[in-house]
Structure formats: structure tokens, C-alpha cells
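Encoded as C-alpha cells, the structure appears first; notes follow it.
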Amino acid sequence: YLGHYIFDEKMRPIVSVDVTDFHVVNSYWLPKELFLTWHEENLQIKWELDIPQLNVPGSTETWQPPAVNQQINLKGYIP
């Protein structure tokens, strides 16, 4: 297993996410099944991910920037 864990100041687990299974794509190991445990709430969630694809370009026709009030164009910005 591979996992990430968050502990409180007394080293008690708050939340953990364990990768319990993997896809192998082009010799890369990618998460297939994740198991989240939120210890304080006694909650467990299992996520199963579909077959992943690597380096697939997104569609520029369907992507829209987030609707925020202020947008700043940083193109060419030099600090």
C-alpha cells in the first residue's frame, strides 16, 4: 500500500488515504483504488478509478476559465 496520513498534535490519526490497487499504464503505476478513512468521524470511503490515460490533451473548445470577478493577465509579467 501507499498512503498519506494527517495526524493531530497528539499524533492521533485525523484522516488517511491509502492506495490499495494500481493500474499499470506504459510502465507507470497509477492509482486504481483509494480508501479514505476520516478517523474523527468514523467515516470510510472507497474510490475506484477507471482506466487512466496519460498525456491526453484537453479540449480547448470545451474548457472555460473559472468565472471570477477579477482576472489578471500575467502574460509577459516580470517581477
Side-chain angles (χ1 to χ4, degrees):
Y1 293 145
L2 171 69
H4 294 280
Y5 309 92
I6 299 176
F7 298 92
D8 68 9
E9 66 278 353
K10 294 182 180 179
M11 296 306 295
R12 293 178 298 211
I14 297 171
V15 66
S16 60
V17 178
D18 296 292
V19 181
T20 56
D21 199 3
F22 296 88
H23 290 286
V24 179
V25 178
N26 298 335
S27 300
Y28 293 101
W29 290 62
L30 304 174
K32 178 179 182 179
E33 185 177 279
L34 296 103
F35 196 74
L36 179 136
T37 303
W38 188 357
H39 300 273
E40 292 180 329
E41 300 296 328
N42 196 27
L43 174 72
Q44 295 180 326
I45 300 171
K46 178 181 171 185
W47 287 313
E48 294 181 18
L49 305 176
D50 202 0
I51 299 171
Q53 297 177 349
L54 296 175
N55 298 323
V56 177
S59 169
T60 56
E61 295 174 4
T62 58
W63 186 85
Q64 296 294 321
V68 295
N69 293 336
Q70 291 183 337
Q71 294 185 1
I72 301 170
N73 184 356
L74 295 176
K75 183 177 181 180
Y77 174 74
I78 300 174

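The two residues V15 and W38 have their closest heavy-atom pair at CG2-CA, 4.2 Å. Closest approach of H39 to S16, counting heavy atoms only: NE2-OG, 3.2 Å. Smallest separation of non-hydrogen atoms from T20 and L34: OG1-N, 4.5 Å.
By the 6.0 Å contact criterion, NE2 on H23 is enclosed, its count of non-hydrogen atoms from other residues, nucleotides or ligands being greater than 12. Within a 6.0 Å radius of CG in D8, other residues, nucleotides and ligands contribute more than 12 heavy atoms.
Expressed to the nearest 0.5 Å, how far CD1 of I14 lies from CD of E9 amounts to 7.5 Å. Atom NZ of K32 is separated from atom CG of D21 by 5.0 Å, given to the nearest 0.5 angstrom. Here the straight-line distance linking atom CG of D50 with atom CD of E48 works out to 10.5 Å at 0.5 Å rounding.
Tracing side-chain contacts under 4.5 Å through hydrophobic residues (I, L, V, M, F, W, Y), one never reaches F35 starting from L43; they form parts of separate clusters.
At least one side-chain heavy atom of F22 sits under 4.5 Å from a side-chain heavy atom of L2.
Taking T60 as the reference, nothing meets the side-chain contact (heavy atoms from CB on, under 4.5 Å) condition, with sequence neighbours excluded.
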